[in-house]
Amino acid sequence: MQDDTGGSLAGEPAKLPKVLLSWSSGKDSAWSLHVLRQRGEVEVVGLLTTLNEAFDRVTMHAVRADLLRAQAEAAGVPLWPVFIPWPCTNEMYERAMGGAVDRARAEGIAGIAFGDLFLEDIRHYRETRLRGTGITPLFPIWGIPTPNLARDMIAGGLRARLTCVDPRQLSAEFAGREFDGAFLDALPASVDPCGERGEFHTFAYDGPMFARPLSIRAGEVVTRDGFVFADLMLSASS
């Protein structure tokens, strides 16, 4: 409620701008949620996730949709799923995301946050696509040195498992491994500790951004389309 001058009445906190968080199901988006909540400058009201409609899995990470829903429930934030076909052209992808941006604007969303770390071309692409839409792009963990960030995540209680590995950059044997200190110690020097160049992708199942940990179990490891995927499933106790 506001007074006649447009300000908040005494005793009522000002409403924070509402934002969506681009949510891959991995560690960087999960840590971004934690950082945004710690800063207290915006309210994350939705997790914006692209799903492959042919396989009902998160794109690239190949995480099952039921794990994604369990994450959102544990995070206490509604999912904003964006379904894309497979195969999917860039035009199809941009049309689907444009629909999500239109919905966001209609619902009073002020911004979309991304867990990007240092790739300037990716950031430029996001800024260009959102220019003129009324939606502001936010980059809460941008520029943090990734060797420090990776270990800060682990020290902060984040737990994640590798779901996808690019074997051209990292041995397939890393698929399915825990994202922990031993994993970081074993990485070749050529691999970014956060996998920012697409060396690997993860699924976050515990941490300060979740009200409770997710109980998961490992499935099969398969090679498909040049990538190695380690399937994860919810345990019966979840």
Side-chain angles (χ1 to χ4, degrees), residues 21-35 37 44 46-83 86 115 141 149-167 170-187 191 193-196 198-225 227-238:
L21 173 60
S22 180
W23 186 264
S24 67
S25 77
K27 59 180 174 39
D28 298 337
S29 51
W31 196 251
S32 293
L33 177 59
H34 176 56
V35 169
R37 284 172 166 170
V44 179
L47 304 179
L48 184 65
T49 307
T50 54
L51 290 142
N52 182 319
E53 62 185 5
F55 300 106
D56 200 27
R57 290 176 182 257
V58 178
T59 55
M60 276 313 301
H61 290 233
V63 167
R64 295 169 181 257
D66 60 342
L67 269 73
L68 177 67
R69 289 189 290 269
Q71 269 188 329
E73 184 179 347
V77 184
L79 274 180
W80 276 47
V82 178
F83 293 94
W86 183 86
I141 57 175
L149 178 61
R151 295 193 183 274
D152 286 347
M153 289 178 181
I154 295 165
L158 183 139
R159 299 184 69 186
R161 195 84 61 84
L162 270 69
T163 61
C164 177
V165 166
D166 181 350
L170 181 64
S171 171
E173 296 177 355
F174 282 84
R177 280 192 61 162
E178 190 77 11
F179 180 77
D180 56 13
F183 165 77
L184 295 177
D185 291 341
L187 282 181
V191 174
C194 288
E196 181 68 350
E199 299 99 326
F200 61 89
H201 300 286
T202 61
F203 175 78
Y205 64 91
D206 194 10
M209 67 294 300
F210 299 125
R212 60 187 178 280
L214 303 181
S215 181
I216 59 173
R217 60 188 176 90
E220 63 178 345
V221 177
V222 300
T223 300
R224 185 176 62 250
D225 299 327
F227 295 89
V228 181
F229 296 96
D231 195 19
L232 295 175
M233 293 167 281
L234 286 172
S235 297
S237 60
S238 294

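The analysis underlying the following values was restricted to heavy atoms, covering all of them including side chains, and did not include hydrogens, waters or symmetry mates.
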What heavy-atom pair brings Ala62 and Arg224 nearest, and what distance separates the two atoms?
CB-NH2, 4.4 Å
Which distance, rounded to the nearest 0.5 Å, do you find between the CG of Leu47 and the OG of Ser24?
10.5 Å
With side-chain contact (heavy atoms from CB on, under 4.5 Å) as the test, would you mind laying out the steps for Trp86 and Thr59 before giving the verdict?
CA-CA 10 Å; Trp86 183 86; Thr59 55; over 6 Å; no
What are the two closest non-hydrogen atoms of Gly115 and Asp28, and how far apart are they?
O-CB, 3.7 Å
Once you round to the nearest 0.5 Å, how far does CZ of Arg217 lie from CG of Asp231?
9.0 Å
Does Glu178 CD have over 12 foreign heavy atoms under 6.0 Å away?
yes
Are Val221 and Val228 packed together at the side-chain level, in the sense that at least one heavy-atom pair is separated by less than 4.5 angstrom?
yes
How about Trp23 and Gln71: do any of their side-chain heavy atoms sit closer than 4.5 Å?
yes
What are the two closest non-hydrogen atoms of Leu68 and Thr49, and how far apart are they?
CD2-CG2, 3.8 Å
OH on Tyr205 to CG on Leu158, rounded to 0.5 Å
9.0 Å
For the CG atom of Asp180 and the CZ atom of Arg161, what is their distance to the nearest 0.5 Å?
10.0 Å
Which atom pair, heavy atoms only, marks the closest approach of Val77 to Val44?
CG1-O, 3.9 Å
Parallel, tilted or perpendicular: which one describes the rings of Phe200 and Phe183, with boundaries at 30° and 60°?
perpendicular
Might you point out which heavy atoms bring Leu162 and Ala230 nearest each other, and give the distance in Å?
O-CB, 3.7 Å
Within the distance-only criterion (no hydrogens, no angle test), does the side chain of Ser25 pair as donor or acceptor with the backbone N or O of Phe203 below 3.5 angstrom?
no
Rounded to the nearest 0.5 angstrom, the OG1-CZ distance for Thr163 and Phe227 is 11.5 Å
Is a donor on one side and an acceptor on the other found under 3.5 Å between the side chain of Lys27 and the backbone of Cys194?
yes
Would you compute the distance between atom CG of Leu21 and atom OG of Ser32 and round it to the nearest 0.5 angstrom?
6.0 Å
Indicate yes or no: does Arg151 engage Asp185 in a salt bridge with an N to O separation below 4.0 Å.
yes
With a 3.5 Å distance limit and no angle check, can you tell me whether Thr202 reaches the backbone of Ala160 through a side-chain donor-acceptor pair?
no
Arg37 versus Met209, closest heavy-atom pair with distance
NH1-O, 3.0 Å
Measure the shortest side-chain to side-chain distance between Arg64 and Leu232 over non-hydrogen atoms and say whether it is less than 4.5 angstrom.
no
